[in-house]
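Counting starts at 1 for both ligands and their atoms, in listed order. Along the sequence shown, residues carry numbers from 1.
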Amino acid sequence: MSGETVQEVFEAVCRVAPHISSGLLKRREYVGEENPSDEKQLEADVWANEFLKEEITSIKGVGQFASEEEKHVTECGDGVSVAIDPLDGSSNIPTNNLVGTIVGIYDEELPCKGRNLISAFYVVYGPLMTLVKAEGGQVNEYVIEKDRKDQVEIHLASEDIEISEPGVYGIGGNKNWTDEMREFESGISQELKLRYGGALVGDVNQVIHQGGLFSYPDRTDAPEGKLRLLFECNPIAYIVENAGGASTDTDRSIMDIEAEELHQRTPFFVGNEELVDRAEERF
Ligand code: AHM
Ligand code: MG
């Protein structure tokens, strides 16, 4: 039953993704409000959230809906809990750099652990619109396209994706790294190529395809880092772990973190197991 709901959520997100992408053009201004994490909201953040919320909450098997852009959980029936980051990396929108959408589907009421995820996926609004989905131990990549009549088509592009051998790395928050982080990064930079784009979806997508490490660690001014556990870290960690990689907050897998608050943050490391283990040993 929940498998059908996962499929419906997946199809709903694929249906609206092209509209979100084309609607960004007119919505690149800040609206003067802040989200629950005290970050400035763009018109695009608010609009994409409303759009996705309408689609997802109307699915019968969805019981709860929560968003990085909303303070509280919305109760909408009986069934799975869906947590979204409608536009991840939205500070990239004014300059037309990469953004995405992240979706986590949990079989438990929110807030809960990442171990309760039954599926997670992200959309990359890049030169191609792609969606990477993990479910049942398998990670697949789809291309979302519109045909000449504006009908949305979903094509399976790669099946059973496994994280590649280490190639690239990206670490956020560099202006406020701890001294330990600076040392750690200096070692990693001797081995891997630096690629940091400022959108979690893009930076993690390249780590899955080219291998390596992504991190947004604790900062001297932000002991829990920047990224939110339920909307960003859990779904991404679930996808990377299902692709044969690993995740950590430096003590445990991201998915074993107790979730106490809807918008809680955590230091975040994902990538090849050997690199994640190295971070766990170092910090
Ligand atoms: P957002 O969801 O509000 O856009 O914030 C999350 C983003 C991540 O995609 C990215 O990894 C990080 O913030 C980038 O932060 P910074 O601008 O500090 O590099
Ligand atoms: Mg985000």
### Summary
closest protein heavy atom to atom 9 (O) of ligand 1 is Leu200 N, 2.7 Å

### Query
Parallel under 30°, tilted from 30 to 60°, perpendicular over 60°: which one fits the rings of Phe184 and Phe269?
perpendicular

### Identity and separation of the nearest protein heavy atom to atom 4 (O) of ligand 1
Gly89 N, 2.7 Å

### Query
Does ligand 1 have any atom that is closer than 4.0 Å to a heavy atom of Phe231?
no

### Summary of salt bridge (charged side-chain N to carboxylate O under 4.0 Å, His left out) pairs that have at least one residue in residues 188-207, sequence neighbours excluded
Glu191-Arg278

### Message
For the 3.5 Å polar cut-off, considering only N or O atoms, please tell me whether Asp88 and ligand 1 meet it.
### Response
yes

### Query
If you measure every N/O of Gly172 against every N/O of ligand 1, is any gap under 3.5 Å?
no

### Query
In the protein, which heavy atom is nearest to atom 3 (O) of ligand 1, and how far is it?
Glu39 OE1, 3.2 Å

## Note on the structure
Candidates Ser215, Gly225, Ala222, Gly198; heavy atom nearest atom 10 (C) of ligand 1 found on Gly198

#### Entry: Glu54, CD atom: more than 12 neighbouring heavy atoms under 6.0 Å
no

#### Entry: Any side-chain donor near an acceptor of the partner, His72 and Glu70, under 3.5 Å
no

### Message
For the backbone of Glu260 and the side chain of Gln264, can you confirm whether one donor and one acceptor N or O come within less than 3.5 Å of each other?
### Response
yes

### Message
Evaluate Arg219 for polar contact with ligand 1, using N/O atom pairs at a separation under 3.5 Å.
### Response
no

### Query
So between Lys175, Lys226, Glu232, Glu69, whose heavy atom ends up nearest atom 15 (O) of ligand 1?
Lys226

### Query
If we only count N/O pairs under 3.5 Å, is Asp203 in contact with ligand 1?
no

### Query
Do any protein N, O or S atoms sit under 2.8 Å from the Mg ion (ligand 2), and which ones are they?
Asp85 OD2, Asp88 OD1, Glu232 OE2

